[in-house]
Amino acid sequence: QVQLVESGGGLVQTGGSLRLSCAGSGAIFSVMGWYRQAPGKQRELVASIFRSGFTNYASSVKGRFTISRDNAKSTVFLQMNSLKLEDTAVYYCNANHVFGSSWGQGTQVTVSS
């Protein structure tokens, strides 16, 4: 059974930092990534990373967020700096594998002024 378990969300003031983690199990993951969904909005890609280390970022977070992964532990991280009010959302981990694609349960990130 493929599982993705997220941690690290919370409440932070504007300009602050948070680090999200997502631990995977049950498969070998090719692309791992983070998506987010704000109230009333569609889920959007934040960042993704291939096993090779190649990364892709949404323009809204480029230069502020950094995605990384530990292939040996099937874990992906999202370091979020200089957080803005508009970064408030539920953040979801996603990973592709031979059986398809899986999602984590989501973790709330709230940025306050």
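The figures that follow rest on heavy atoms only: side chains count, while hydrogens, waters and symmetry mates do not.
- Residues C93 and W103 fail the side-chain proximity criterion, which asks for heavy atoms closer than 4.5 Å.
- Contact check for Q108 versus T88: side-chain heavy atoms found under the 4.5 Å cut-off.
- Clustering ILVMFWY residues whenever any of their side-chain heavy atoms sit less than 4.5 angstrom apart, transitively, puts M32 in a cluster other than the one holding V5.
- In this structure a side-chain-to-backbone donor-acceptor pair under 3.5 Å is missing from Q79 to T66.
- Side chain of E6 to main chain of Q105: a donor-acceptor pair is present (N/O by atom type, distance under 3.5 Å, no hydrogens or angles).
- Although no hydrogens or angles enter the test, the distance criterion places no donor-acceptor pair under 3.5 Å between the side chain of Y57 and the main chain of G63.
- Here the shortest heavy-atom pairing between A27 and H97 reads CB-CB, 3.8 Å.
- D87 places a side-chain heavy atom less than 4.5 Å from the side chain of R36.
- Between I28 and V98, the closest side-chain pair of non-hydrogen atoms is not below 4.5 Å.
- Among the candidates S48, S102, S101, the single residue satisfying the side chain to side chain donor-acceptor pair (under 3.5 Å) test with N96 is S101.
- Contact check for Y92 versus L4: no side-chain heavy atoms found under the 4.5 Å cut-off.
- In this structure, V111 is a member of the same hydrophobic cluster as L20, with clusters built from ILVMFWY side-chain heavy atoms closer than 4.5 Å.
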